[in-house]
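Below: the structure, in structure tokens.
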Amino acid sequence: MNNIFSNVNFDICFLKTYLAILKNREVVNYREQTRKVIEKATEELAFDFQNTDLDINDIFTYLTNHLQQNPEIFGNAFAFSPEIHCSCPFVFRVKNGFESRDIAKEFGYSKTVWYEVPVKQRKAVWSVPYFDIGKAGEDILLTTYSIPVFNKHSMLIGVIISDLLLAKLEDIQKIE
């Protein structure tokens, strides 16, 4: 009998991740509850950004404070509309605190799914899970909640994001 999967090239790491996440129904329920908490916190943050004129240093401080108040969130960023300013302050968790950087210096953030999709749809969206290879200092599996932020004239100011850490690559590799 032929194995129907013999010609399929599976990404083992990807499969291990989903098996780890779906292994236990409690994990799935926890993730759903966490997603709702993240949505609410990110919506509040987007409202604040919509109604406040902040400079880059203020944004880093604001994002750090937001992470301190919301332990479920792995990282936050505010990706400015490139028409306004080419900058994307990003703050994320590290072992003993937080790290911050402007990721606009590393890549074209306005072409990412977490930026383009909510801008085109003009609404908040969750990304599909994706590997963030080394951008946060290690290889991790994330999903991102993104909210486009518009001013009172319906002009795009930018996109606020919150990352939910699904797994670290080192943890995935331990799964048998």
Side-chain angles (χ1 to χ4, degrees), residues 17 21 27-94 97-137 140-168:
T17 301
I21 293 168
V27 172
V28 173
N29 289 338
Y30 172 76
R31 291 283 185 228
E32 279 307 306
Q33 292 169 356
T34 302
R35 285 170 61 117
K36 289 177 183 174
V37 168
I38 290 173
E39 287 173 5
K40 185 177 185 301
T42 308
E43 288 160 6
E44 291 169 358
L45 186 61
F47 180 80
D48 290 345
F49 273 61
Q50 179 182 16
N51 296 305
T52 307
D53 189 24
L54 300 172
D55 69 23
I56 300 296
N57 292 328
D58 291 336
I59 291 173
F60 279 116
T61 301
Y62 215 91
L63 294 174
T64 302
N65 291 339
H66 192 255
L67 287 178
Q68 288 172 336
Q69 296 169 10
N70 296 282
E72 305 85 0
I73 300 172
F74 172 74
N76 281 125
F78 182 71
F80 280 91
S81 168
E83 288 85 34
I84 295 173
H85 187 59
C86 187
S87 183
C88 185
F90 176 50
V91 179
F92 58 97
R93 296 180 188 283
V94 292
F98 303 100
E99 186 174 318
S100 39
R101 63 173 74 137
D102 187 344
I103 59 175
K105 297 173 183 173
E106 299 171 22
F107 67 97
Y109 65 87
S110 65
K111 299 295 182 201
T112 62
V113 172
W114 55 258
Y115 185 92
E116 279 190 323
V117 173
V119 169
K120 286 181 182 175
Q121 293 184 7
R122 299 183 68 82
K123 68 177 187 173
V125 296
W126 277 99
S127 73
V128 296
Y130 63 95
F131 282 101
D132 187 36
I133 307 298
K135 290 190 182 84
I140 53 179
L141 181 69
L142 300 168
T143 183
T144 300
Y145 187 61
S146 305
I147 302 175
V149 179
F150 299 93
N151 67 14
K152 61 184 175 187
H153 305 292
S154 297
M155 185 179 111
L156 180 69
I157 300 167
V159 175
I160 190 81
I161 70 159
S162 290
D163 291 328
L164 171 59
L165 177 65
L166 297 174
K168 293 183 179 180

Side chain proximity check, Y115 to S81, heavy atoms < 4.5 angstrom: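 Yes. Closest side-chain heavy atoms under 4.5 Å.
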Do the non-hydrogen side-chain atoms of S87 and I56 ever get within less than 4.5 Å of each other?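 In contact.
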For the student: nearest non-hydrogen atoms of [X] and [Y], plus distance:
X    : Y    : result
Y109 : A104 : CE2-CB, 3.5 Å
I147 : A46  : CG2-CB, 3.9 Å
F78  : G158 : CZ-CA, 3.9 Å
L156 : P148 : CD1-CB, 4.1 Å
P118 : V159 : CG-CG1, 4.3 Å
P129 : L166 : CB-CD1, 3.7 Å

Working to the nearest 0.5 angstrom, can you tell me the gap between [X] [atom1] and [Y] [atom2]?
X    : Y    : atom1 : atom2 : answer
S127 : L164 : OG    : CG    : 9.5 Å
E106 : R101 : CD    : CZ    : 5.0 Å
Y62  : D55  : OH    : CG    : 13.5 Å
R122 : S154 : CZ    : OG    : 6.0 Å
F74  : T144 : CZ    : OG1   : 10.0 Å
D163 : F90  : CG    : CZ    : 5.0 Å

Please answer whether the main-chain N or O of [Y] pairs with a side-chain N or O of [X] as donor and acceptor at a distance below 3.5 Å.
X    : Y    : answer
S146 : W114 : yes
Q50  : F150 : yes
Y145 : E43  : no
N76  : I161 : yes

Option passing side-chain contact (heavy atoms from CB on, under 4.5 Å) with V91 (candidates T61, N65, L63, I73):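 That would be L63; it is the only one of T61, N65, L63, I73 passing the side-chain contact (heavy atoms from CB on, under 4.5 Å) with V91.
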Mind running side-chain contact (heavy atoms from CB on, under 4.5 Å) on F49 and I157 for me, showing each step along the way? CA-CA 9 Å; F49 273 61; I157 300 167; over 6 Å; no
List the steps, then state whether side-chain contact (heavy atoms from CB on, under 4.5 Å) holds for F80 with I59. CA-CA 11 Å; F80 280 91; I59 291 173; 3.4 Å; yes
Salt bridge or not for R35 and E39, using N-O below 4.0 Å?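 So R35 does not pair with E39 through a salt bridge.
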Under the criterion side-chain contact (heavy atoms from CB on, under 4.5 Å), I'd like the reasoning laid out for I160 against T42: C-alpha separation, chi angles, the key distance, then a yes or no. CA-CA 7 Å; I160 190 81; T42 308; 4.1 Å; yes
Please report the C-alpha distance between L165 and F92 in whole Å, then the side-chain angles of each, then the deciding distance to 0.1 Å, and finally whether the side-chain contact (heavy atoms from CB on, under 4.5 Å) criterion is met. CA-CA 10 Å; L165 177 65; F92 58 97; over 6 Å; no
